[in-house]
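Computation of the quantities below employed the complete heavy-atom set of this structure, encompassing side-chain atoms and omitting hydrogens, waters and symmetry-equivalent molecules. Both ligands and their constituent atoms are indexed starting at 1 by order of listing.
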Amino acid sequence: MTQCLVCDHDVEPFLNFGPMPIANGFLAAEQVASEPFADLEVGFCGGCTMVQLTQLVEPEAMFHENYAFFTSSSAWMGRHFAALAADARARWLDGAEDPLVVEIGSNDGTMLGNFQEAGIRHLGIEPSANVAQAAMDRGVETWVRFFGRETADAVVEQHGRADLVLATNVLCHIPDLDGVLAGVSRLLAPGGVLVFEDPYLGDIVEKTSYDQIYDEHVFYFCLGNLKPLLARHGLEIVRAEPQGVHGGSMRYTVAHAGAHPVDPAVEDLLERERLAGLHEPETYVRFRTAVEASRDALVAELERLREAGVRVVGYGATSKSTTVTNYCGITPDLVSSITDTTPTKQGKLSPGAHVPVVPHEDFRADPPEVALLFAWNHQAEIVAKEAQWLADGGRFLVYVPRVGFVDRDAPLAATPQV
Ligand code: TYD
Ligand code: ZN
């Protein structure tokens, strides 16, 4: 039994995916022999209800000078962050004198670029040197380090307290959440806010999107499991806004307790979580059954396609796909290659399953009959991009929320089990 990373209570495991490689560990053929594997297991804390991984991979093995993920690889995400930046600026920085914006996990500067262009003081904190360099190259001020109490103190010393702290798809990655929130609490000006987004546990359960579970995602947040943790740091959620990105995310706005009025939508969402059972362990036992059924349906469909002689390639070498390929046993005999626009992933093998990652040009030059949409969270963007291929008879196979083909006439609705 492992201890909760948040409250030290016992964590009850509810789903074990077996040995998994590093989710973002795309590798060269000569690295296959030394590829590291560790059990991927997720559990529920009976003390504070936090859903979390029970075994952790060393952060240095995941976030390093060769971190493969660049925020700018999705044009639509760029627009999403521009909208977030504009909204946060209008809502929280209006009238502030020479405000400071700090972003935790600022990646290649896609978000902070919006503030830099507007001449607003900003600072990115990013531990992966290669993506941080891309941010600095475009003029976004960045420190290459992990965020915690000490970094927060160093920022305050050099720049003063922050009016706005941003963190998208990063807090759920940090095992020492307590240290981060203590840092945020020190960093935030009295009326300052933390705006953060992460995949939403409510969506993961509702859509059986088990591929959100991988080594980098240590925590699976909902309002209910964040509340007690934030309260320990004198912080509270003042707004919560569901987002369509990353397959269903929540945007939380957090402030020093009492500093801002709490939006009534916060209580409404908490009530919805109670009704959905998100704070009860039984919900996760049912989730495991749904995950096993999803795996069996996907494997059956891929085997049927192989028997029919249909060539299937993967679309989007996502971190999420590492959970799917390894849990379902999707090796190159089922999915011959994965197309991806990220240059650092191309020419490599996918972690564990060792499916070759190829440039998008290959997809265009030699279109497959079926593409397994690993980047299902970008479905609308990708369906628009591949309209011609779809018109020519190409088909997208998806597994979220159910295993099925994307209907050509209603591209956003996955058809039920084929
Ligand atoms: P992402 O959505 O960040 O998923 P994860 O967090 O699970 O890694 O990654 C999307 C991947 O899909 C990224 O490697 C870029 C790739 N991609 C394409 O190849 N083509 C596209 O049109 C889009 C939108 C993404
Ligand atoms: Zn706990």
Side-chain angles (χ1 to χ4, degrees), residues 1-12 22-26 43-52 54 62 67-81 105 107-108 110 131 168-170 172-173 177-178 197-199 209-220 224-229 232 244-249 279 281 313-325 337-346 348 350-351 357-364 371-387 389 396 400:
M1 192 69 83
T2 44
Q3 264 24 73
C4 175
L5 291 161
V6 169
C7 79
D8 284 342
H9 195 280
D10 288 343
V11 173
E12 186 68 53
I22 304 279
N24 230 324
F26 294 89
F44 175 87
C45 173
C48 71
T49 77
M50 184 61 80
V51 174
Q52 58 197 277
T54 61
M62 298 184 284
Y67 189 50
F69 178 71
F70 283 75
T71 302
S72 55
S73 63
S74 162
W76 284 29
M77 284 309 288
R79 286 208 281 283
H80 174 76
F81 292 131
N107 199 274
D108 58 12
T110 298
V131 286
T168 59
N169 304 303
V170 65
C172 74
H173 293 204
L177 241 198
D178 233 28
E197 278 185 16
D198 279 298
S209 45
Y210 65 88
D211 58 349
Q212 296 283 10
I213 302 169
Y214 57 89
D215 51 20
E216 291 180 24
H217 290 170
V218 177
F219 297 108
Y220 302 85
N225 63 28
L226 283 166
K227 227 179 134 170
L229 171 64
R232 282 224 306 267
V245 295
H246 278 300
S249 293
H279 316 145
V313 307
Y315 199 110
T318 57
S319 321
K320 290 186 287 293
S321 69
T322 297
T323 296
V324 178
T325 53
S337 64
I338 305 174
T339 176
D340 197 284
T341 52
T342 315
T344 49
K345 295 181 186 176
Q346 295 163 359
K348 302 245 174 83
S350 77
V357 180
V358 299
H360 185 245
E361 290 72 28
D362 290 22
F363 182 88
R364 284 281 156 84
L372 177 55
L373 189 55
F374 288 128
W376 57 268
N377 50 313
H378 301 289
Q379 183 172 315
E381 178 174 359
I382 290 170
V383 162
K385 192 164 146 183
E386 305 301 347
W389 172 72
F396 276 118
V400 173

Pick one of side chain, backbone, both or neither for how [X] approaches ligand 1, counting any non-hydrogen atom pair under 4.0 Å.
X      : answer
His360 : neither
Thr341 : both
Tyr214 : side chain
Ile382 : side chain
Asn377 : side chain
Lys320 : both

*Could you establish whether Met77 and ligand 1 come within less than 4.0 Å of each other, counting only heavy atoms on the residue side?*
no
_Taking only non-hydrogen atoms of His246, do any sit less than 4.0 angstrom from ligand 1?_
yes
*NZ/Lys345 to CD1/Ile338 distance, rounded to the nearest 0.5 angstrom?*
9.5 Å
*Report the distance from atom CZ of Phe26 to atom OG1 of Thr322, rounding to the nearest 0.5 Å.*
5.0 Å
*Taking atom types as modelled, find out whether Asp108 and Thr110 have a side-chain donor-acceptor pair closer than 3.5 angstrom.*
yes
_Heavy-atom nearest neighbour of atom 1 (P) of ligand 1 within options Gln379, Lys385, His378_ = His378
*Pick, from Thr344, Asn169, Asp340, Ile338, the option with the minimum heavy-atom distance to atom 12 (O) of ligand 1.*
Asp340
Within the 4.0 Å heavy-atom shell around [X], which atoms of ligand 1 are there?
X      : result
Thr342 : 13 (C), 14 (O), 15 (C)
Gly316 : 12 (O)
Glu381 : 24 (C)

Main-chain N/O of [Y] paired to [X] side chain as donor or acceptor, under 3.5 Å:
X      : Y      : answer
Gln212 : Pro199 : no
Asn225 : Tyr220 : yes
Arg232 : Asp178 : no
Thr54  : Gly43  : no

_For the student: nearest non-hydrogen atoms of Pro351 and Thr325, plus distance_ = O-OG1, 4.5 Å
_Closest contact, heavy atoms only, Cys4 versus Gln52_ = SG-NE2, 3.2 Å
*Looking only at distance, does Tyr315 have an N or O less than 3.5 Å from an N or O of ligand 1?*
no
*Charged N-O contact under 4.0 Å between Lys320 and Glu216*: no
_Between His9 and the Zn ion (ligand 2), is there a contact where an N/O/S atom of the residue lies under 2.8 Å from the metal?_
no
